Amino acid sequence: MDLWYKSTRDSGLKVRASEAVLKGLAPDGGLFVPDKLPVLDVSMEELKDMSYQETAYAVMKQFLTDFTEEELKNCISRAYDEKFDTEEIAPLAKVDGTYFLELFHGATIAFKDMALSILPHLMTTSAKKNHVENEIVILTATSGDTGKAALAGFADAAGTRIIVFYPKNGVSKVQELQMVTQTGSNVNVVAIHGNFDDAQSGVKAIFEDQEMARELEAKGYQFSSANSINIGRLIPQVVYYVYAYAKLLANEEITDGEEINVVVPTGNFGNILAAYYARQMGVPIAKLICASNENKVLFDFFRTGTYDRNREFVLTSSPSMDILISSNLERLIYLASGEDSDRTKELMEGLKSGGSYTVTDEMQAKLADFVPGFASEEETAECIRSTFERTGYVLDTHTAVAAHVCGQYQSRNEDSRKCLVASTASPYKFARSVMTAIDSKYEASDDFALLEELRAVSGVKMPKAVQEILDAKVLHTLECDVDQMKQIVRDLL
């Protein structure tokens, strides 16, 4: 059956999957959501023997119903190939009785590779299906990881251009170097003087500027997004939760139908929303544990029902989570409201104008399976150190936030379910924070000397993605103020 996608702010607006992928954001500023959440048509017994690629097809065909089998399988095979350093694509590591789903084995050593390896193929296939002749301009804001993964995915992809905005001094040194050394005739990287929320708001403002859209369309361009506001980013993330459960079953770590809890380090809310979608598809997930760093706007929201971004923005050692406007939460709010697009629009306009909104008690009750937790900077560092000392396993700063919250949840609740933690980045991406957490003696060390120290300490080979940037030439030096973003886009195009 065909699945349609509607806007969270206008249920009357409906498009097919390929159109939603192309547009990225609905014209009214809403996010595209499926008109119903599909269910898996294969059992876990069948899934447990499937490869990652086979699992991806089983999941994604339920969402991308206007893609042919050949089109979708071609996108999948081109995405999940030797770019990943393990045949499993997303292996599981069992550490101290907790299961870490390692999502960092792709080309840019962060979980964004899981979706951004396939998005360019979904996008170009969608363009052909819809007879699009314009060049597609991918506009993306990044808190560190999306930018490089999107750049790598779209570099020299025919019929596309990509412009990435990132917060100057708001990402790690490795993250910045990964972006500013990116090659490709169709790529541009711009540092903004502001934080991630500024970058994200600036990109959304460009999408919502209909006059600018008409102006650029006349020149042969149309905008789309590689952020998780694009359903072409979100749907591939559902796959790895289905795959992880099936592999736990295959490894006899759980029995068929046994419920697990999932813990996700959360910033823009896309990764944990994907886990929620997996649960709605039939994966036996009990609690969705939402782990925040000191920018704990989501922690406060799930506890109180009030979302309030009017607070200090904290730069932490887990920069990909340094976010106060969690865009994907809008999709969950829409579902909790009973798919009331008028109500959702009202709440989102309240967030934009006043910086806050409050959901009803009835809506909050529908969110009861989301359990919030947060880790301070000290707790994050302590989790890295203690996990390493006990087990020799090295966590990155984001995964450590989730691991701390997982332990906190287990100690405070009588819940014996097994926990799956989304491990979102390689520790190599945040070597300074990781190594100084393990031992303060590393504080005076050079950033790049620490990469070698990390290799020695962890026994894990330095990823190709890190080796490549050590001597790479900086190609992108453009910077701008937030209010100059629209003009920068005009100038670049």
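Worth saying up front: this structure is predicted, and the values here are computed from it rather than measured.
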If you measure only the distance, is there a donor-acceptor pair under 3.5 Å linking the side chains of [X] and [Y]?
| X | Y | value |
| --- | --- | --- |
| Asn293 | Asp322 | yes |
| Asp28 | Ser7 | yes |
| Gln182 | Lys148 | yes |
| Thr358 | Thr306 | yes |
| Ser376 | Glu379 | yes |
| Ser423 | Glu102 | no |
| Lys129 | Ser18 | no |
| Arg233 | Asn230 | no |
| Tyr409 | Asp415 | yes |
| Glu377 | Ser317 | yes |
| Asn195 | Asp197 | no |
| Asp198 | Ser201 | no |

State, yes or no, whether a side-chain contact exists between [X] and [Y] at a heavy-atom distance under 4.5 Å.
| X | Y | result |
| --- | --- | --- |
| Ser224 | Lys23 | no |
| Gln53 | Ile89 | yes |
| Val264 | Ile289 | no |
| Val489 | Phe223 | yes |
| Tyr52 | Met114 | yes |
| Tyr277 | Tyr241 | no |
| Glu88 | Tyr243 | yes |
| Pro463 | Ser426 | yes |

Any donor-acceptor N/O pair, [X] side chain to [Y] backbone, under 3.5 Å:
| X | Y | value |
| --- | --- | --- |
| Glu19 | Arg16 | yes |
| Arg279 | Ala286 | yes |
| Asn227 | Ala141 | yes |
| Thr8 | Leu31 | yes |
| Thr124 | His121 | yes |
| Asn295 | Val314 | yes |

Notebook entry, point to check: Going through the checks in order, is the salt bridge (charged side-chain N to carboxylate O under 4.0 Å, His left out) test met by Arg385 and Glu382?
Noted result: CA-CA 5 Å; Arg385 186 192 61 76; Glu382 170 58 23; 2.7 Å; yes
Checklist line | Member of Gln484, Lys168, Glu479 meeting the side chain to side chain donor-acceptor pair (under 3.5 Å) criterion with His193 | finding: Glu479
Next item on the list: Check whether NZ of the Lys or CZ of the Arg Lys14 lies under 6.0 Å from the centre of the six-membered ring of Tyr5 and within 45 degrees of that ring's axis.
Entry: no
Checklist line | Test: Lys296 cationic atom under 6.0 Å from Phe374 six-membered ring centre, within 45° of axis | finding: yes
Take atom [atom1] of [X] as the centre, draw a 6.0 Å sphere, and report whether it contains more than 12 heavy atoms from other residues, nucleotides or ligands.
| X | atom1 | result |
| --- | --- | --- |
| Lys352 | NZ | no |
| Asp2 | CG | yes |
| Glu362 | CD | no |

Next item on the list: For the pair Phe370 and Tyr276, evaluate ring-ring contact (aromatic ring centres under 6.0 Å, His included) and give the outcome as yes or no after the intermediate values.
Entry: CA-CA 9 Å; Phe370 284 86; Tyr276 174 80; 5.6 Å; yes
Item checked: Worked check of side-chain contact (heavy atoms from CB on, under 4.5 Å) between Val21 and Ile231 -> CA-CA 6 Å; Val21 170; Ile231 61 104; 3.8 Å; yes
Check: Parallel under 30°, tilted from 30 to 60°, perpendicular over 60°: which one fits the rings of Tyr357 and Tyr307?
Finding: parallel
Next item on the list: Measure up the Tyr393 and Phe100 rings against each other and bin them: parallel (under 30°), tilted (30 to 60°), perpendicular (over 60°).
Entry: tilted
What's the shortest heavy-atom distance between [X] and [Y], and which atoms?
| X | Y | result |
| --- | --- | --- |
| Lys366 | Gly338 | NZ-N, 4.2 Å |
| Gln62 | Val39 | CD-O, 3.5 Å |
| Ala422 | Leu103 | CB-CD1, 4.3 Å |
| Ser337 | Tyr334 | OG-O, 2.7 Å |
| Val434 | Asp396 | CG2-CA, 4.0 Å |

Checklist line | Listed once per pair and sorted, the salt bridge (charged side-chain N to carboxylate O under 4.0 Å, His left out) pairs that draw on residues 421-433, sequence neighbours left out | finding: Asp145-Lys429, Arg432-Asp447
Next item on the list: Would you please test Ile163 and Val137 for side-chain contact (heavy atoms from CB on, under 4.5 Å) and show each step?
Entry: CA-CA 7 Å; Ile163 304 171; Val137 180; 4.2 Å; yes
Next item on the list: Given salt bridge (charged side-chain N to carboxylate O under 4.0 Å, His left out), test Asp10 with Lys345 step by step and report yes or no.
Entry: CA-CA 8 Å; Asp10 179 3; Lys345 183 178 180 180; over 6 Å; no
Look at [X] together with [Y] and state whether they make a salt bridge at an N to O cut-off of under 4.0 Å.
| X | Y | answer |
| --- | --- | --- |
| Asp113 | Lys83 | no |
| Arg417 | Glu258 | no |
| Glu253 | Lys247 | no |
| Glu346 | Arg343 | yes |
| Glu339 | Lys6 | yes |
| Arg311 | Asp300 | yes |

Margin query: So that I know where these two stand, are Phe196 and Tyr166 an aromatic pair - ring centroids less than 6.0 Å apart?
Written below: no
Notebook entry, point to check: Is the distance between the ring centroids of His398 and Phe430 less than 6.0 Å?
Noted result: yes
Notebook entry, point to check: Quick one: CZ on Phe207 to CD1 on Ile229, what's the gap to the nearest 0.5 Å?
Noted result: 5.5 Å
Check: Which residues satisfy the ring pair (Phe, Tyr, Trp, His ring centres under 6.0 Å) test with Tyr57, sequence neighbours excluded?
Finding: none
Margin query: Once salt bridge (Lys or Arg N to Asp or Glu O under 4.0 Å) is applied, do any residues pair with Arg78, and if so which ones, sequence neighbours excluded?
Written below: none
Check: Hey, mind stepping through Lys486 and Asp209 against salt bridge (charged side-chain N to carboxylate O under 4.0 Å, His left out) and telling me if it holds?
Finding: CA-CA 10 Å; Lys486 284 187 183 181; Asp209 189 331; 2.8 Å; yes
